[in-house]
Amino acid sequence: MVSDSDESADLSWLLNDDETQLSPRIQGCSSEDAASNSSLMPHFLDMGFPRKMITKAIEESGDGNSESVLDLLLIYSSLAGTTSRNEEKAESDENSWADDSSSYFDEMDLDLEMAGQDSISNKLQVLVKMGYDQDEAASAVKRCGEDASAFELADSIYAAQTAKEEEFGDCDPSSAHEQKDGDKYDPFLHDHKRQRFDDGASSSHRNNNQRRGHLNRAYGRPSTTIRHHGGGSDDDREAELFLPNSMVGFGLPMDPKRQIYRKLPDVAQGPPFFYYENVALAPRGVWDTISRMLDNIPPEFVDSQYFSAACRKRGYIHNLPIANRFHLKPVPPQTILEAFPSNRAHWPEWDKRTKFNCLQTVVASSKLTEKIHAELKAYPNPPSLDVMKRVMKECRKWNLIWIGQKRVAPLEPHEVEFLLGFPRDHTRSISRTERYRSLGNSFNVDTVAYHLSVLKGIYPNGIRILSLFSGIGGAEVALHRLGIKMTAVLSVEKSLSNRNLLNSWWKETGQEGELQEIDDVRKVDDAILECFIRRHGGFDLVIGGSPCNNLTGSNRLHRIGLQGEHSSLFYHYYRILSRVRYLMGKH
DNA sequence: GAAAGTATGAGTTCTCGG
DNA sequence: CCGAGAACTCATACTTTC
């Protein structure tokens, strides 16, 4: 859920005013002094990084440039699994950030090794608790080795079970390649054709071989990513973040058997629960960074085509339970013609689409649809293969529907609302252009509701939420449709018209809870958070999707990654979540 | 000044035939 | 296994219209 139209992000909260003059000054003096005197310190402290970590990062960065310092901090965080949550521990434990820089990485590695080495009996116990057979668990240990984490072991058992199912099940191997419309759910845990994400080194790291070596060694620990253990030794490879071939996440409502089990790192245990969303097809390394910042939790990649008649490939990082999810009712139409039956009469046979592509923020011009109409009128029915191909290309690109003989048109705003799971005319209060933009930036309600459904049992008396980048209120609508009462909502949204829209919806739907709206994530500080926590006792859920403008392929001009003007607001999501955890721990 | 209209690819993965 | 082509993507900048 993003409102990015006018969201101009600067990084002033982590930069100093005279940051440009900072580097020569730091280079001039030596080590600690420069670091501790640096005015970058308060900014990074504010983000929740431990003081010693920041000192180390400033020293190591050499040039004192805030971006490279931030990069280093991200790496350290991933190595140490450190967030502001264990800030006090890190601060008080002198050894955790030893002054001897030469031993720094060794210590990190040691810590991680220790963390990964639970006793075997403990792991077996966990697996049995997860519902696995003792024998299955034992043979998984044999397969994966004694160092494997409980999560890896569960992965292995699951893969073995699924392999067995496919071997003896009723799957027709010949149909395995007919998954054009994605009705075959590859359990992504043992999909060998998965796309590969970068190893986590951002472009600014690529020329630093030494640093990258450390990164490769430590990144993708069992606790953070799924790792394969094939039978042969050459099947073993470095753990990396993968984008699954079919994005079914941790299981789908219509396929309950394909659930996976996961164990979250202790630091990630809720409450507060959190839920973060962004585009799945981001530039290399982006999801690695986001995952590292958010407790090293692997993203759940889901294509909303499994929930509606439109594709929407998104990644979600959250610490919600994943057992006993349920589907929002009524289940929306799953194909284009089920969604818009009245268009069937005009739909030519040669348009084989059953799903729309991703609903974006702008729609086709009338000039284009007129051109298509003119072209089709000039030819007999059916048109030549060549014309057909050209028309279909435009139809797919712009999600056009057939509204008359040889006539196509873009979806109406209320049709987009319908496909995304919003009530009709949810966005009627804003201009047509703005409706398309806000809807294109929004959640798919059914998908998000499926993930959030587990909260219903946990919070029968209602939840208190912090909604960042609220947009048109996809999270709120999802919770409302699930029948989860919102006792208090702190919503942050840049666009005034979207804020008004959410406010109207809040009143119209008779919400009893309190809705507080803020216009900028950069304004969300401890004072605001503490005020809410004092009034309401805390937050149960921190939810939001930060701007994707600099990540999406649709952006031809500024697809520059997480450091982009808009997408860098992700760091505020991280900052605010960290502060919420810290402040709630204090109370 | 707000709203609507229009031209503007790259980067990456997927597909399929050899 | 490999390579060429198809397919897809929460958009931006500028102009025109109202």
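Remember, predicted model here, so these are calculated numbers, not experimental data. Side chains included, hydrogens not; waters and symmetry mates left out as well; all remaining heavy atoms used. Chain identifiers are assigned alphabetically (A, B, ...) following the order of the sequence lines, protein sequences preceding nucleic acid strands; residue numbering begins at 1 within each chain.
In this structure, W505(A) and H426(A) have perpendicular ring planes: the angle between them is above 60°, well past the 30° mark. The aromatic rings of F307(A) and Y450(A) sit tilted relative to each other, their planes meeting at an angle between 30° and 60°. Between H451(A) and Y316(A), the ring planes are perpendicular. Angles over 60° get that label, and only those under 30° would be called parallel.
Counting any heavy atom pair closer than 4.0 Å across all strands shown, R312(A) reaches a base atom. Residue-level contact check: T433(A) touches the bases, meaning some heavy atom is under 4.0 Å from a base atom.
One interatomic measurement links the two molecules: CD1 of I372(A) to P of dT6(B), which rounds to 13 Å at whole-angstrom precision. Rounded to a whole Å, the CZ atom of R437(A) is 8 Å from the P atom of dA11(C). Between the CZ atom of R284(A) and the C1' atom of dA10(B) there is a distance of 14 Å, rounded to whole Å.
Nearest-nucleotide mapping onto DNA chain C: of R396(A) and V362(A), the residue sitting toward the 5' end is R396(A). Nearest-nucleotide positions on DNA chain C place K393(A) closer to the 5' end than the other of K313(A) and K393(A).
Under 3.5 Å, the side chain of R314(A) and the base of dC10(C) form at least one donor-acceptor pair of N or O atoms.
Note on N357(A): every side-chain N or O is 4.0 Å or more away from OP1 and OP2 of dA7(C). The side chain of S366(A) contributes an N or O atom lying less than 4.0 Å from OP1 or OP2 of dT6(B). Side-chain nitrogen and oxygen atoms of H566(A) include none within less than 4.0 Å of the OP1 or OP2 phosphate oxygen of dA11(C). In terms of phosphate contacts, S554(A) brings no side-chain nitrogen or oxygen within less than 4.0 Å of OP1 or OP2 of dT9(C). An OP1 or OP2 oxygen of dT9(C) is reached within less than 4.0 angstrom by no side-chain nitrogen or oxygen of Q360(A).
The shortest side-chain heavy-atom distance between E517(A) and E493(A) does not fall under the 4.5 Å cut-off.
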In dot-bracket, 5' to 3', how would DNA chain B read with Watson-Crick or G-U wobble pairs under 3.5 Å, [ ] for crossing ones and | for pairs to another strand? ||||||||.|||||||||
Please walk me through it: do H318(A) and F274(A) pass ring pair (Phe, Tyr, Trp, His ring centres under 6.0 Å)? CA-CA 5 Å; H318(A) 60 82; F274(A) 74 90; 8.0 Å; no
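Ion pairing of D425(A) with R435(A) is present here, as a side-chain N (NZ or NE/NH1/NH2) and a carboxylate O approach within less than 4.0 Å.
Using C1' as the reference atom, dT9(C) and dG9(B) are 11 Å apart when rounded to the nearest Å.
A ring-centre distance under 6.0 Å is found for F570(A) and Y276(A).
Around CZ of F326(A), the count of heavy atoms belonging to other residues, nucleotides or ligands within 6.0 Å exceeds 12.
Contacts between residues 409-417 of chain A and DNA chain B, defined by a heavy-atom separation below 4.0 Å, involve no residue at all.
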In a table with atom names and distances, give each donor-acceptor pair under 3.5 Å that connects a side chain of residues 336-344 of chain A to protein atoms at least two apart or in another chain.
from    : atom 1 : to      : atom 2 : distance (Å)
E338(A) : OE1    : Q334(A) : N      : 3.3
N343(A) : ND2    : W402(A) : O      : 2.8

